[in-house]
Amino acid sequence: MDPCTGMENSAQDVEGLKASREALEFLASIDLKELEHCLFADSLTTVSDTGRELGEFTITVQNANYDNQPCYHVHANSHGSIDNIPCGTSFTAYISTKLETLEQSHHEYVTLQDHLLDRKSQMVRRGDQLLLNKVVTEREAVKRQTFTFPISYLEGFVSEASNLLILRVLAQRKRIPENMVFLTLDPETKITVSTYEGLGQKQQMVGQECMEVFGIKRMVDSIEGVPAVWHCYFLSDGHLASRVQVGSPVTMRLIQLPVQMGGDDKDKKAEFEKKPLVWEEDMQLCSKFLDRKEALKADYTTYVRQHPELKALMADFLQFLLLGKPDDVFSFAAEYFAPFASQSNPESTLKS
């Protein structure tokens, strides 16, 4: 394997591109109460134009902490098979309460007949810089690139993760301001612009019910290629009802209405009714053991709840592990988690 490492400073790509005044005013208008209404999960089924189920698409947004500051943990995962070619993409991110991207990990793969095309990237906010490490693997060739972007040039920057929160806020407001132009990254890691427009309302079947949904069009310009356009439709509470990339042969659809949960449900789940225990011998010792067991369980559960990235990270790792079925699991794990080590050299991590 002959890795190729490159370094690029992309400040010149940012100059001249700006988010619109309307977009910046929209970001400033979002309050914490609105964002709290965006903390839920979406689960859609990927279907072909003939109605055949090809895969699934999930989004989860939860409260989290990053460097001891409150933020939002966003995890999205799409996997399936198109024309009998397994493919998928996933990303995990921490988004601040001001919708700034603090950190985002992205993984995309396509399994062709004789080789795997794999793209990984890690975006981290460090001081006055946004750092992005990118690793592209195709057959035995590995290409590594590092990009840096000055934060001062990125006012109104929207990542793929913060885009999901923006879409939910817009869907709940049911109104798209004019001239909504943000900064974002195109597939070639160039700073470009993304725009949002309303598609109005329409009727959509969800299960056995006909629901009214609100549509939003998002377009991401491309410096070197064709712009990417998505049409997304939402239920009144912000749940995603359908999502399609214009020109794609597949559509992501909501098959079953989501279960509406009240705000106090999480607290209710944490309450356990105490039941009398009957032991045949050494009741006092067993009682102390059970008390300690429940205390540890509650402590571990609290930690996992406060760090939702654990479940998301392990779910993605197991998915790719089972798809690849490598003989050497340890080497596979080292290679998979290397891009997540944002403060270390990925090449040295693999060697170690």
Side-chain angles (χ1 to χ4, degrees), residues 14 17-42 59-76 90-106 121-132 149-186 191-198 214 216-221 228 230 232 234 237-240 243 308-309 312 342:
V14 187
L17 293 176
K18 289 184 178 181
S20 66
R21 176 179 57 84
E22 292 83 355
L24 296 179
E25 290 177 350
F26 166 77
L27 289 176
S29 71
I30 302 175
D31 57 30
L32 292 177
K33 186 176 181 180
E34 279 188 297
L35 292 174
E36 287 298 314
H37 292 158
C38 297
L39 305 182
F40 53 81
D42 276 326
I59 303 172
T60 303
V61 182
Q62 297 175 292
N63 282 315
N65 285 279
Y66 187 88
D67 287 343
N68 296 321
Q69 296 296 322
C71 67
Y72 303 108
H73 176 264
V74 181
H75 177 245
S90 67
F91 62 80
T92 300
Y94 293 93
I95 306 298
S96 75
T97 55
K98 297 181 179 179
L99 296 191
E100 300 165 328
T101 302
L102 305 174
E103 183 172 338
Q104 176 177 288
S105 302
H106 183 265
S121 65
Q122 176 80 4
M123 180 191 303
V124 182
R125 189 184 182 101
R126 288 283 183 265
D128 60 352
Q129 298 282 336
L130 186 67
L131 308 180
L132 191 147
F149 304 97
I151 295 296
S152 59
Y153 285 94
L154 297 180
E155 187 179 19
F157 175 80
V158 172
S159 65
E160 288 304 307
S162 55
N163 161 65
L164 297 178
L165 281 167
I166 287 175
L167 287 173
R168 289 183 174 183
V169 171
L170 289 172
Q172 292 175 358
R173 291 186 180 184
K174 298 183 179 61
R175 181 176 58 85
I176 314 296
E178 294 184 359
N179 196 31
M180 285 272 282
V181 181
F182 297 89
L183 297 181
T184 192
L185 288 174
D186 71 1
I191 293 292
T192 184
V193 295
S194 64
T195 59
Y196 295 78
E197 298 178 14
F214 177 75
I216 302 174
K217 171 186 174 182
R218 182 194 182 216
M219 182 176 72
V220 175
D221 201 3
W230 289 267
C232 300
F234 296 84
D237 60 359
H239 278 282
L240 187 59
R243 179 179 188 268
E309 67 272 19
S342 56

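Along the sequence shown, the residues carry numbers beginning at 1.
- Ring centroid separation for the pair Phe91 and His75 does not come in under the 6.0 Å cut-off.
- A donor-acceptor pair is defined here as one N or O able to donate and one able to accept, closer than 3.5 Å; no such pair exists between the side chain of Asp186 and the backbone of Thr192.
- Rounding to the nearest 0.5 angstrom, the gap separating the CZ atom in Phe214 from the CZ atom in Arg173 is 11.5 Å.
- Side-chain atoms of Val169 and Cys38, non-hydrogen and from C-beta on, do get closer than 4.5 Å to each other.
- Atom NZ of Lys174 has more than 12 neighbouring heavy atoms from other residues, nucleotides or ligands inside a 6.0 Å radius.
- Within 6.0 Å of the CD atom in Glu22, the count of heavy atoms belonging to other residues, nucleotides or ligands exceeds 12.
- Between Leu27 and Ile166, some side-chain heavy-atom pair lies under the 4.5 Å cut-off.
- Inspection of the Asn163 and Tyr196 side chains reveals an N or O donor paired with an N or O acceptor under 3.5 Å.
- The side-chain heavy atoms of Leu170 and Met180, taken from C-beta on, include a pair separated by under 4.5 Å.
- For the pair Arg168 (side chain) and Phe40 (backbone), a donor-acceptor distance under 3.5 Å is present.
- For the pair Arg125 and Asp67, the salt-bridge criterion is not met [side-chain N within less than 4.0 Å of a carboxylate O].
- You'll find the side chain of Asn63 reaches within 4.5 Å of the side chain of Tyr72, heavy atoms only.
- Contact of the Ile191 side chain with the Tyr153 side chain is not registered, since no non-hydrogen atoms from C-beta on lie closer than 4.5 Å.
- Looking at Gln172, its side chain does come within 3.5 Å of a backbone N or O of Asp237 through a donor-acceptor pair.
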Quiz item: Please walk me through it: do Thr101 and Ser159 pass side chain to side chain donor-acceptor pair (under 3.5 Å)?
Solution: CA-CA 7 Å; Thr101 302; Ser159 65; 2.6 Å; yes
